[in-house]
Amino acid sequence: MIRFTPEQIAARCAQDIPDGAYVNLGIGMPTEVANHVPAGREVIYHSENGVLGFGTAPEPGTEDPDLINASKQYITMQPGGAFFHQADSFGMMRGGHIDISVLGAFQIAANGDLANWSTGSEIYPPAVGGAMDLAVGAKQLFVITRHTHKDGTPKLVERCSYPLTGASVVSRIYTDLAVIDITDNGFQVIEMHGENSLDEVQQLTGARLLPPA
Amino acid sequence: MIRFTPEQIAARCAQDIPDGAYVNLGIGMPTEVANHVPAGREVIYHSENGVLGFGTAPEPGTEDPDLINASKQYITMQPGGAFFHQADSFGMMRGGHIDISVLGAFQIAANGDLANWSTGSEIYPPAVGGAMDLAVGAKQLFVITRHTHKDGTPKLVERCSYPLTGASVVSRIYTDLAVIDITDNGFQVIEMHGENSLDEVQQLTGARLLPPA
Amino acid sequence: MVNKIVDSINEAIGPISDGATVMCGGFGSSGIAFNLLDALLEQGARELTIIANNAGVGETGVAKLLREHRVAKVICSYPRSPGSIWFERRYEERAIDLELVPQGTLAERIRAAGAGLGGFYTPTGYGTELAKGKRTEVIDGVGYVFERPLAADVALLKASQGDRWGNLVYHTTARNFNPIMATAATTVIAEVSEIVELGALDPESVVTPGIFLDRVIEVDQVFV
Amino acid sequence: MVNKIVDSINEAIGPISDGATVMCGGFGSSGIAFNLLDALLEQGARELTIIANNAGVGETGVAKLLREHRVAKVICSYPRSPGSIWFERRYEERAIDLELVPQGTLAERIRAAGAGLGGFYTPTGYGTELAKGKRTEVIDGVGYVFERPLAADVALLKASQGDRWGNLVYHTTARNFNPIMATAATTVIAEVSEIVELGALDPESVVTPGIFLDRVIEVDQVFV
């Protein structure tokens, strides 16, 4: 089977970020999406800690120690950027002003439920951060993830067993095997990478896949 | 009887504005209070339309047409002032950050109820503006008013007959006849102007006055 | 490329349907987008619901819309001002509906719509006529009124400077309702006295980030 | 004369009681008042409730308070970070209570306290574990969780510049929770890297008006 690398998944997702979009990229693999947006598109990035219009990582030695993104990485500003406080920042999310939020996932259910903040562990202290606000607020929520857990169990499932981040929130899923939309009828395959067949992908999926049109 | 002029009422009220107070002065007679605050006290004025730390009226010809107070009069800024939007401005009020609000009144009840926004007229369109927010939010609400309506009927009453601005909100009343606190026991006279007697003032008052201590 | 700057006032006002809800920035005569309001009059939409602090004075802005029978309803805190003759006339004629909202509640309802909240409890107006028919609740001994978010189809803003991303700064108390209305309408249009290059506005001082804006137009400011 | 500037860090932190609730500005390592947190440690108050986005990393700030057994409860959105060893240890020991709040809800609850609201409905967390035991309501087809305001006894802020009235500006993303916490505590204390003359800050650009501040102190900024 064709399995996209994380970079390839991010690059595929980046194709769907249109010119002029306001985009929030979650911690981890989603951050990689910014490196693959096609040339000529002007995308304005939002980070939950109160910034719009940030740019690439600073040259080593030029970091502003106060200026970071949600992943606590140093960033730079683009001309046209703006700072604001945390209540205004989350108002932007919840108020539907962010066009696209890209998040990772533990599980995605066929009805668009997302689980990505807690494995339900009793030992490990929980942390939610902005995940639930991001899940609920953006006009479109893209998930980028490997199709299965490391042990091969499906991440795309009929119903999430992990605690939910948000109910019926996901729009589209980019995995290492396929691009899949959430529809009223469940998981709708949009495209499969390389020569992957529906049967192959279906076997690694915990709920029914509708074939591409 | 000794009857204070509006200017004298405002001057008496101004004595009780302490150094360093954050003060919102309502439209009309309350605005006059600023002209009588004793020298040496630094008072920071708030106006509902999004400004703290404004100063006196501008010299004619130097007006900034955008820079006005709640009464729509041109103002100037003091060093240290700040602008903010209407939601933040009313957050300051409701959140209890304004030390003193000074308002006019149609009626004040012995339990601190205030009526100052509507006479209940069916003909005249109503307008409330910031009156209800000012009534509810400031740490102390001072009312400055003539003791009676022009026809001699009391403004200080057992229960307001006009529509309320706020329930149990008034702290102290400055009238042309006396200074009166709202207490758990009702109207408590703090001082009477000149040689006014309790009996004389009581006759012009619609609820029982407790004598000064 | 993101470019929210438009060249003509008619392009700025764009299509506005009959029956639309329109937020108008301003307090007194400060911070009102008079050019956009004139363009709205010319554009011709009728049966408008106007959300604003005041309801227009003289023959300007919202007063002109009222005079020309374009307004079905006004949602505001202080419609009656010296010179609000067209509001008063249409009100007396019962030609318009009025929803009177305490000013802080008006501001907070607009902010709530922009921030995606479902409603909030405010102490303002509790125990008064303006709370009649509304859900109330006593929480920890304080009485509150439940208020719902207030959104609009269009917001007409006045700012001092703007750039092609739609970032805005305001001048003194002309800020007033403009930044919160910027967050609460489907289409947000600002008239500015100056368009500046992207990057000319200090990111620390931008009051309205461009994310909220749809169109920006440079105009000669009008003061009345 | 209004003068909120104090000269010593001990005077700045002032008296803080055992059992006090303390808001700490910051996100990640940006915008944290490390000097004030050190002073709080030295001051000695115990059984503190800490309200912050994170729960400290390494041996700095809130982590030090946790290490020295000064903290009874943490209210935050993201306590677990690389290096949050003292939080994790105290959590595993069940020596502290944790109230986990989605970050936007945390911010909004703080703002609601500062703005005098009795609570609000947010869509965030609806249908999740973090809404368990909370009042929920479906309004116009959207599910919301009812959230209450969150206030504190003390707020410890970091800003870049301040004046004697307590006006503050921040530097880049060090702004984060600081301006909203400024509105929501009984006593509000800011460390700044520079005290400036009254009037030096542009009134258009002041982020936290001095009305919210009690004490301001100039410090050497600490970055970790």
Side-chain angles (χ1 to χ4, degrees), chain A residues 17-24 37-55 64 66-67 69 75-101 130 132-139 141 166 169, chain C residues 1-5 23 107-120 149-153 155 159 161-170 175 179-188 195-216:
Chain A
I17 309 282
D19 186 35
Y22 291 89
V23 176
N24 185 299
V37 171
R41 295 189 197 170
E42 191 174 45
V43 175
I44 301 174
Y45 294 102
H46 172 268
S47 185
E48 65 188 18
N49 54 321
V51 55
L52 260 176
F54 62 88
D64 175 342
D66 279 332
L67 182 53
N69 64 17
I75 55 174
T76 57
M77 290 299 285
Q78 288 191 280
F83 299 110
F84 33 86
H85 62 57
Q86 216 80 6
D88 282 349
S89 182
F90 281 81
M92 273 178 207
M93 291 184 199
R94 274 192 322 260
H97 305 287
I98 306 288
D99 294 311
I100 297 168
S101 166
M132 289 187 180
D133 301 278
L134 283 163
V136 85
K139 284 180 202 155
L141 177 56
V169 290
Chain C
M1 196 180 84
V2 180
N3 186 11
K4 300 180 180 180
I5 299 166
M23 284 181 178
E108 197 65 20
R109 288 179 65 192
I110 294 167
R111 181 191 175 275
L117 301 176
F120 59 89
L150 185 62
D153 298 309
Q161 294 181 309
D163 63 26
R164 71 173 171 86
W165 279 14
N167 293 303
L168 301 178
V169 296
Y170 303 88
R175 189 179 302 197
I180 49 174
M181 289 179 171
T183 71
T186 308
T187 302
V188 179
I195 300 277
V196 298
E197 283 299 306
L198 197 69
L201 299 178
D202 181 355
E204 304 282 6
S205 305
V206 167
V207 175
T208 294
I211 190 171
F212 298 116
L213 266 284
D214 292 284
R215 296 191 286 276
V216 178

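These figures come from a predicted structure and were not determined experimentally.
- Looking at every heavy atom in both residues, Glu42(A) comes nearest to Val2(C) through OE1-N, 2.7 Å.
- Counting heavy-atom pairs closer than 4.5 Å to chain A, the top-ranked of the candidates Val207(C), Asn3(C), Thr183(C) is Thr183(C).
- Here the closest non-hydrogen pair linking His97(A) and Ile211(C) is O-CD1, 3.3 Å.
- For Ala87(A), the parts sitting under 4.5 Å from any heavy atom of chain C are the backbone and the side chain alike.
- Taking chain C as the reference chain and counting heavy-atom pairs below 4.5 Å, the highest number among Met92(A), Met77(A), Arg41(A) is found for Met92(A).
- The structure places CG of Leu117(C) at 13.0 Å from CZ of Phe90(A), a figure rounded to the nearest 0.5 Å.
- Of all heavy-atom pairs between Leu198(C) and Pro79(A), the closest is CD2-O, 3.4 Å.
- What you find for Pro209(C) and Leu52(A) is that their closest heavy atoms are CB-CD1, 3.6 Å.
- Chain C forms the most heavy-atom pairs under 4.5 Å with one residue out of Gly137(A), Gly20(A), Gly81(A), Gly96(A), and that residue is Gly81(A).
- Among all heavy-atom pairs drawn from Gly80(A) and Asp163(C), the shortest one is CA-OD2, 4.4 Å.
- Here the closest heavy-atom approach between residue Trp165(C) and residue Tyr22(A) is recorded as O-OH, 3.7 Å.
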